[in-house]
Amino acid sequence: MRLGEGFFGRDVLVVAPELLNKVLVAGGCRGRIVEVEAYGGADDPASHGYRGMTPRTEVMFGPPGKLYVYFTYGMHWCANVVCGADGECAAVLLRALTPLDGVEVMRERRPKARRDRDLCSGPAKLTAALGIDGDHNGADLVSASHGIEIRDDGTPPPAAPTQTGRVGVTRAADRPWRWNVPASPDVSRPS
DNA sequence: CCGCCGATCTTT
DNA sequence: AAGATCGGCGGG
């Protein structure tokens with residue numbers, strides 16, 4: 001079943017680990033979510049929304065269940081699921097997937113990937129593999145407005161997900177807001 | 001396998 | 001000027 005607004009409209013620290021083992025569907029491909037990170041708002045110095053709403057972060061402050069897609073390092077796209085109540089700033093960064101379906105298409109989109117586990121093992125790798133870019137900013141996952149949705153296929157989240165500090169952040173680096181599926185070979189880095 | 005470095009450009 | 005990254009290269 002497709003996840004609905006009730007799922008996303010809760011505390012981001014609750015939603016993030018529950019997204020593990022859900023299935024992301026986009027661009028004719030499917031992948032199982034194995035790594036996520038939570039980002040807050042005014043309470044979180046590492047968040048894009050820390051200093052309030054800007055044109056870039058507008059979606060992060062809106063209703064839950066939307067996709068916040070941002071451009072970084074001059075060449076990469078990263079995708080977040082907006083959480084919490086409308087007006088709050090909170091989102092979950094999708095950091096890695098296990099490729100499930102459409103692997104051939106993923107390979108065409110990411111010709112540099114050598115092994116299957118390199119296709120979606122990073123936030124900008126998975127967007128490239130599934131064809132997600134700036135056109136998908138603000139997409140509604142609840143109605144699959146842009147052909148993107150998140151599904152529960154009956155696989156529960158891990159009972160004891162691995163929890164670490166967030167990758168690549170310099171501020172609030174000690175906050176344990178990254179979660180991944182234990183022993184998954186498809187995460188962005190070993191934990 | 002690991003660490004370093006350059007690419008590339010938007011946002012602050 | 002830094003950044004929620006990636007991939008190539010060199011060394012162990």
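Sequence lines set the chain letters: A, B, ... in the order given, protein chains first and strands last, and positions in each chain run from 1.
Checking C:dA4, C:dC6, B:dC1 against every side-chain atom of A:R117, the shortest atom distance belongs to B:dC1.
Under a cutoff of 6.0 Å and an axis angle of 45°, A:R10 and A:F7 form a cation-pi pair.
In terms of the salt bridge (Lys or Arg N to Asp or Glu O under 4.0 Å) criterion, residue partners of A:D118 (sequence neighbours excluded) are, by chain and number, A:R115. For the ring pair (Phe, Tyr, Trp, His ring centres under 6.0 Å) test, residues two or more places apart in sequence or in another chain that qualify with A:F71 are A:W77.
The separation between A:R178 atom CZ and C:dT5 atom P is 11 Å, rounded to whole Å. We find that CZ of A:R166 is positioned 12 Å from P of C:dT5, with the value rounded to whole Å. Residue A:W179 contributes atom CH2, which lies 18 Å from atom P of C:dA4 at whole-angstrom precision. A straight line from CZ of A:R109 to P of C:dC6 spans 17 Å, rounded to a whole angstrom. Here C:dA4 presents its P atom at 8 Å from CZ of A:R171, a figure rounded to the nearest Å. Computed from coordinates, the A:Y50 OH to C:dA4 P distance equals 14 Å when rounded to whole Å.
In this structure, A:A172 and A:P45 approach most closely via the heavy-atom pair CB-CD, 4.1 Å. Taking every heavy atom of both residues into account, A:V105 and A:C29 meet most closely at CB-SG, 4.0 Å. Closest of all the heavy-atom pairs between A:V12 and A:A91 is CG2-O, 3.6 Å.
At a cut-off of 3.5 Å, with distance as the only test, a side-chain donor of A:T98 or A:D186 sits close to an acceptor on the other residue.
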> When you check every protein heavy atom under 4.0 Å of nucleotides 6-12 of chain B, what one-letter string (B, S, -) results, 5' to 3'?
Replying inline: -BBBSSS
> Once each nucleotide of nucleotides 7-12 of chain C is scored for protein heavy atoms under 4.0 Å, what B/S/- sequence comes out, 5' to 3'?
Replying inline: SS----
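Between A:R56 and A:E58, none of the side-chain N atoms (NZ, or NE/NH1/NH2) sits under 4.0 Å from a carboxylate O, so this pair counts as no salt bridge.
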> Given Watson-Crick or G-U pairs with both distances under 3.5 Å, what dot-bracket string fits DNA chain C, with | for other-strand pairs and [ ] for crossing?
Replying inline: |||.|||||||.
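No engagement by A:S188 is indicated, since no non-hydrogen atom pair under 4.0 Å with the nucleic acid exists. Among the heavy atoms of the strands lying under 4.0 Å from A:A46 is at least one base atom, whether or not backbone atoms are also near.
Using a 4.5 Å heavy-atom threshold, the side chains of A:V69 and A:T127 count as separate. Within the 4.5 Å cutoff, side-chain heavy atoms of A:I148 are placed close to those of A:L141.
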Considering only distance and modelled atom types, tabulate donor-acceptor pairs under 3.5 Å from the side chains of residues 30-44 of chain A, sequence neighbours left out.
unit_1, atom_1, unit_2, atom_2, d
A:R32, NH1, A:N21, O, 2.9
A:R32, NH1, A:D153, OD1, 3.2
A:R32, NH1, A:D153, OD2, 3.2
A:R32, NH1, A:T155, OG1, 3.3
A:R32, NH2, A:D153, OD2, 2.9
A:E35, OE1, A:S188, N, 2.7
A:E35, OE1, A:S188, OG, 3.1
A:E35, OE2, A:R95, NE, 2.7
A:E35, OE2, A:R178, NE, 2.9
A:E35, OE2, A:R178, NH2, 3.2
A:E35, OE2, A:S188, OG, 2.8
A:E37, OE1, A:Y39, OH, 2.7
A:E37, OE2, A:V167, N, 2.7
A:D43, OD1, A:G41, N, 2.9
A:D44, OD1, A:A46, N, 3.1
A:D44, OD1, A:R166, NH1, 3.4
A:D44, OD1, A:R166, NH2, 3.0
A:D44, OD2, A:G40, N, 2.9
A:D44, OD2, A:R166, NH1, 2.8

